[in-house]
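Quick one: the structure is below, and I'll ask about it shortly.
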Amino acid sequence: MTDRVSVDSRDRAPVVVKRATTPQHREALRSEAEALTAMRHPGLVHLVEYTAGDDHDELITAFAGSVTLADFRPTSVGVIAGVVASVAA
């Protein structure tokens, strides 16, 4: 959950900037940053930076394209199991 998502560039590379200002969104963004820090997998987006400020938090990740798992929405249990297995490996 974020208040705003935008695409920007850092060091000439495209990045996604998620910005949160409400307490609920800031907590969700912090949790996402912790999860990305703890996990490493070629199928996961790379965390570039996370900052917590006085009035907002920002999560910056490498840009990995415009299709997300939310867009993918697999319907078969076999496909879902394959996605989970590949992320867990």
Side-chain angles (χ1 to χ4, degrees):
M1 298 176 108
T2 60
D3 296 326
R4 187 182 69 184
V5 177
S6 60
V7 176
D8 199 353
S9 66
R10 300 281 160 95
D11 299 324
R12 296 187 218 160
V15 295
V16 173
V17 180
K18 294 182 178 181
R19 181 183 176 119
T21 58
T22 68
Q24 180 183 8
H25 291 166
R26 291 176 83 170
E27 176 61 25
L29 208 60
R30 184 191 62 74
S31 294
E32 184 176 347
E34 288 177 354
L36 288 173
T37 300
M39 296 184 282
R40 296 281 182 250
H41 186 275
L44 291 176
V45 69
H46 170 71
L47 174 66
V48 175
E49 181 180 0
Y50 174 76
T51 57
D54 291 336
D55 61 345
H56 72 277
D57 293 4
E58 282 189 349
L59 175 81
I60 302 171
T61 62
F63 181 76
S66 59
V67 177
T68 69
L69 269 178
D71 298 324
F72 179 61
R73 297 180 195 225
T75 55
S76 142
V77 173
V79 172
I80 294 169
V83 170
V84 170
S86 99
V87 171

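By convention here, the first residue in the shown sequence is residue 1.
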(request) Could you work out the complete set of other residues in the hydrophobic cluster of Val48, with links drawn between I, L, V, M, F, W and Y side chains under 4.5 Å apart? (result)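 Hydrophobic cluster check, Val48: joined to Val15, Val17, Ile60.
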
(request) Decide if atom CG of Asp11 counts as having more than 12 heavy atoms of other residues, nucleotides or ligands within a radius under 6.0 Å. (result)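 Open.
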
(message) If you compare all heavy atoms of Asp55 against all heavy atoms of Arg26, which two are closest, and at what distance to 0.1 Å?
(response)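 It is C-NH1, 3.7 Å.
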
(request) Please list, chain by chain and in numerical order, all residues satisfying salt bridge (charged side-chain N to carboxylate O under 4.0 Å, His left out) with Arg10, sequence neighbours excluded. (result)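 Scan of Arg10 (salt bridge (charged side-chain N to carboxylate O under 4.0 Å, His left out), adjacent residues dropped) gives Glu49.
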
(message) Nearest 0.5 angstrom please: Thr51 OG1 to His56 NE2, how far?
(response)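 Between Thr51 OG1 and His56 NE2, I get 6.0 Å after rounding to 0.5 Å.
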
(message) Just verifying a value: how many Å separate Glu58 CD and Thr21 OG1, rounded to the nearest 0.5 Å?
(response)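 Answer for the CD-OG1 pair, Glu58 versus Thr21, is 11.0 Å.
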
(message) I need the Met39 CE to Leu47 CG distance, nearest 0.5 Å.
(response)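 The CG atom of Leu47 is 10.5 Å from CE of Met39, to the nearest 0.5 Å.
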
(request) For Val45 and Ala62, work out which heavy atoms get closest and say how close. (result)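 That would be CG2-O, 3.0 Å.
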
(message) Nearest 0.5 angstrom please: Thr61 OG1 to Leu44 CG, how far?
(response)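 Nearest 0.5 Å value for the OG1-CG distance: 11.0 Å.
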
(message) Working to the nearest 0.5 angstrom, can you tell me the gap between Glu32 CD and Glu27 CD?
(response)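 The CD atom of Glu27 is 12.0 Å from CD of Glu32, to the nearest 0.5 Å.
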
(message) How long is the straight-line distance from NE2 of His25 back to CG of Asp57, given to the nearest 0.5 Å?
(response)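 Between atom CG of Asp57 and atom NE2 of His25 there are 12.0 Å.
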
(message) One pair to check against side-chain contact (heavy atoms from CB on, under 4.5 Å): Tyr50 and Arg30. What are the steps and the verdict?
(response) CA-CA 8 Å; Tyr50 174 76; Arg30 184 191 62 74; 3.5 Å; yes

